[in-house]
Amino acid sequence: MKIPLTSLFCCYQRPARMEPACRKDKPKLNTTPTRGDRVKQKSAQQELKQRQRAEIYALNKVMTELEQQQFEAFCKQMQSQAE
């Protein structure tokens, strides 16, 4: 007994075709960075690290000076209370 092909594929639905206009909306992007881009990115990152390091050193210096001033004020206060 032969089964007609149409009955075998009655439940199968073909996927809708993508229209050519839809394909044009998604341009291909070249995401691989070139050597020059990588060098620029690396140097920019190094500059950022250097700037951050300088800012940290400046902040540490300010905080150390503040701590020293507070310590000296505390010592004077303790000395005046002892007298």
Side-chain angles (χ1 to χ4, degrees):
M1 176 177 163
K2 280 190 170 183
I3 300 173
L5 288 179
T6 55
S7 66
L8 290 176
F9 297 105
C10 67
C11 297
Y12 176 75
Q13 293 181 351
R14 291 178 53 176
R17 286 188 166 188
M18 185 184 289
E19 296 298 320
C22 294
R23 288 188 220 154
K24 290 180 184 177
D25 291 343
K26 298 179 182 178
K28 281 189 174 182
L29 297 175
N30 187 5
T31 57
T32 56
T34 61
R35 188 179 195 289
D37 291 341
R38 286 186 298 225
V39 170
K40 286 179 185 177
Q41 186 178 14
K42 189 173 183 178
S43 66
Q45 201 165 17
Q46 286 177 339
E47 289 175 13
L48 176 65
K49 284 182 181 181
Q50 287 175 347
R51 193 182 83 237
Q52 288 175 338
R53 187 178 190 129
E55 289 175 359
I56 289 170
Y57 284 151
L59 180 61
N60 282 344
K61 183 179 179 183
V62 169
M63 293 302 290
T64 302
E65 290 172 358
L66 179 63
E67 187 178 6
Q68 184 64 34
Q69 289 173 359
Q70 289 178 345
F71 178 71
E72 289 172 0
F74 173 76
C75 287
K76 285 180 184 178
Q77 183 183 7
M78 294 303 288
Q79 204 173 32
S80 67
Q81 285 180 358
E83 293 176 353

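Predicted model, so just to flag it, every value in this text is computed and none were measured. Worth knowing before you read on, the calculation uses all heavy atoms, side chains too, and leaves out hydrogens, waters and symmetry mates.
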Non-neighbouring partners of I56 that pass side chain to side chain contact (heavy atoms under 4.5 Å, CB included), sequence neighbours left out: N60
Output all residues satisfying side chain to side chain contact (heavy atoms under 4.5 Å, CB included) with R51, sequence neighbours left out; order by chain, then residue number. L48, E55
Is there a side-chain contact between R53 and Y57 in this structure, where contact means two heavy atoms from C-beta onward sitting under 4.5 Å apart? yes
All pairs passing side-chain hydrogen bond (donor to acceptor under 3.5 Å, both in side chains) where residues 36-50 contributes a residue, at least two apart: T34-D37
Please enumerate all residues that pass salt bridge (Lys or Arg N to Asp or Glu O under 4.0 Å) together with E72, with sequence neighbours excluded. none
Using a side-chain heavy atom cutoff under 4.5 Å and only I, L, V, M, F, W and Y, what cluster partners does M63 have? L59
Set of side chain to side chain contact (heavy atoms under 4.5 Å, CB included) partners for F74, sequence neighbours left out: M78
